[in-house]
Amino acid sequence: MILSDKGILEEIEKGSIIIEPFDISCLGTNSYDVHLGKYLATYKSRVLDAKTKNEIEHFEIPKDGYVLHPGTLYLGVTLEYTETHRHVPFLEGKSSTGRLGIDIHATAGKGDVGFCNTWTLEISVAQPVKIYHGMPIGQLIYFAVDGEIATPYNKKDNAKYNNKTTRPVESMMWKNEF
């Protein structure tokens, strides 16, 4: 079951969903619009290694925008900090974003119950496109969970993305054993 606008507001009132900053005008009938934060990052190397910590370079999006180019993976971040304590959050691109040829995630569109942070975006583009800090970039959809959660994400010892940040976070695949 997907939460409706009223359901999202009820969960915000209960404190089981937190969105900061929150703007009622961003609430859709069954989603909440999120915006692009002011930081982007790119990997320093053009060849990434899943067993190695791959370094990234952060930079701020200028006020007059920044042009993204195909063939480069950009890591972005949502302006909004979110917490989800009883629902599974999904982040999807807005149709307007997709119609510009912007993909906001390669595979990581689902969060975990207990995820408390900004969302790192895995941005790629079909053709050059200029983007801006604060532009609508995606929408959060909340799904109800059937059953009790044994250990929320923010309580897991091995959770790799628990450090609160306003900047994009690189892959932590290298922390896995394989």
Side-chain angles (χ1 to χ4, degrees), residues 1-41 53 56 58 61 73-98 102-124 133-178:
M1 169 179 91
I2 296 174
L3 290 183
S4 67
D5 52 359
K6 288 183 177 182
I8 293 170
L9 287 173
E10 287 169 6
E11 296 304 320
I12 289 172
E13 282 292 316
K14 292 177 189 174
S16 68
I17 293 176
I18 295 171
I19 302 170
E20 297 173 353
F22 178 80
D23 180 347
I24 192 75
S25 69
C26 296
L27 185 63
T29 56
N30 59 331
S31 63
Y32 185 85
D33 288 351
V34 292
H35 302 80
L36 184 61
K38 65 181 177 178
Y39 296 105
L40 290 176
K53 182 176 181 180
I56 59 174
H58 290 99
I61 300 170
L73 174 63
Y74 298 90
L75 299 178
V77 67
T78 58
L79 178 67
E80 291 81 5
Y81 167 86
T82 67
E83 294 185 10
T84 310
H85 299 286
R86 292 186 31 202
H87 298 85
V88 177
F90 273 72
L91 177 65
E92 293 296 333
K94 294 184 62 58
S95 63
S96 298
T97 306
I102 302 170
D103 290 321
I104 66 164
H105 64 77
T107 62
K110 179 194 66 64
D112 287 304
V113 174
F115 178 74
C116 303
N117 215 335
T118 55
W119 290 70
T120 292
L121 310 170
E122 305 132 358
I123 303 172
S124 59
H133 164 252
M135 68 182 272
I137 196 76
Q139 53 191 357
L140 286 170
I141 302 162
Y142 296 95
F143 287 82
V145 174
D146 185 22
E148 292 293 317
I149 303 295
T151 309
Y153 184 80
N154 60 332
K155 305 291 185 199
K156 288 184 177 277
D157 292 334
N158 63 345
K160 296 185 289 264
Y161 303 103
N162 260 341
N163 294 330
K164 189 173 178 181
T165 182
T166 58
R167 294 176 181 247
V169 177
E170 70 277 8
S171 171
M172 300 286 178
M173 176 66 77
W174 60 275
K175 290 185 174 184
N176 292 310
E177 292 184 29
F178 58 97

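- In this structure, Asn117 contributes its side chain and Thr165 its backbone to a donor-acceptor pair below 3.5 Å.
- Considering all non-hydrogen atoms of both residues, His35 and Cys26 come closest at CE1-SG, 3.4 Å.
- Here the CD1-CG distance, from Ile8 to Leu27, works out to 5.5 Å after rounding to the nearest 0.5 Å.
- Across Ile12 and Ile19, no two heavy atoms sit closer than the pair CD1-CD1, 4.2 Å.
- Glu92 has its side chain within reach of His105: a pair of non-hydrogen atoms, C-beta onward, lies under 4.5 Å apart.
- The CD1 atom of Ile141 sits 13.5 Å away from the NE2 atom of His87 when rounded to the nearest 0.5 Å.
- Checked by atom type and distance alone, the side chain of Glu80 never pairs as donor or acceptor with a backbone atom of Val34 at under 3.5 Å.
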Where do Thr82 and Ile18 land on the side-chain contact (heavy atoms from CB on, under 4.5 Å) test, with the steps shown first?
-> CA-CA 5 Å; Thr82 67; Ile18 295 171; over 6 Å; no
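- In this structure, the side chains of Ile137 and Leu79 stay at 4.5 Å or more apart for every pair of heavy atoms.
- For the residue pair Ala41 and His58, the shortest heavy atom distance occurs at CB-CD2, 3.8 Å.
- The two atoms that bring His133 and Gly37 nearest to each other are CD2-C, 3.2 Å, heavy atoms only.
- In this structure, Phe115 and Tyr153 have tilted ring planes: the angle between them lies in the 30° to 60° band.
- At most 12 heavy atoms of other shown residues, nucleotides or ligands fall within 6.0 angstrom of atom CG in Asn163.
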Using the side-chain hydrogen bond (donor to acceptor under 3.5 Å, both in side chains) rule, take Lys156 and Asn162 through it: C-alpha gap first, then chi angles, then the decisive distance, then the call.
-> CA-CA 9 Å; Lys156 288 184 177 277; Asn162 260 341; over 6 Å; no
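- By the 4.5 Å heavy-atom criterion applied to side chains, Lys164 and Cys116 are not counted as neighbours.
- Proximity of the aromatic rings of Tyr32 and Phe22 is defined here by a centroid distance below 6.0 angstrom, and this criterion is met.
- A donor-acceptor pair under 3.5 Å is absent between the side-chain atoms of Asp112 and the main chain of Gly114, judged by distance alone.
- Checked against salt bridge (charged side-chain N to carboxylate O under 4.0 Å, His left out), Lys14 has the following partners two or more places apart in sequence or in another chain: Glu11.
- Taking both residues in full, the closest heavy atoms of Thr107 and Glu122 are given as N-OE1, 3.4 Å, listed atom of the first, atom of the second, then distance.
- Glu10 has its side chain out of reach of Ser16: every pair of non-hydrogen atoms, C-beta onward, lies at least 4.5 Å apart.
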side-chain contact (heavy atoms from CB on, under 4.5 Å) between Thr166 and Val77, intermediate numbers included = CA-CA 7 Å; Thr166 58; Val77 67; 5.9 Å; no
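- Taking 4.5 Å as the limit, every side-chain heavy atom of Thr78 sits out of range of all side-chain heavy atoms of Leu36.
- Atom CG of Leu140 sits about 9.0 Å away from atom CD1 of Ile17, to the nearest 0.5 Å.
- Annotation: side chain of Asn158 is not in contact with side chain of Lys175 (no heavy-atom distance under 4.5 Å).
- Once rounded to the nearest 0.5 Å, the distance linking OG of Ser31 with NZ of Lys94 reads 6.5 Å.
- Ion pairing between a basic and an acidic side chain is recognised when a charged N comes within 4.0 Å of a carboxylate O; Lys155 and Asp157 show no such pairing.
- Within 6.0 Å of the CE atom in Met173, the count of heavy atoms belonging to other residues, nucleotides or ligands does not exceed 12.
- In this structure, Gly15 and His85 approach most closely via the heavy-atom pair O-CD2, 3.8 Å.
- With Leu121 as the fixed residue, the side chain to side chain contact (heavy atoms under 4.5 Å, CB included) test singles out one of Leu91, Asp103, Leu75, Ile102: Leu91.
- Of the listed residues (Tyr142, Phe143, Trp119), just one forms a ring pair (Phe, Tyr, Trp, His ring centres under 6.0 Å) with Phe90, and that residue is Phe143.
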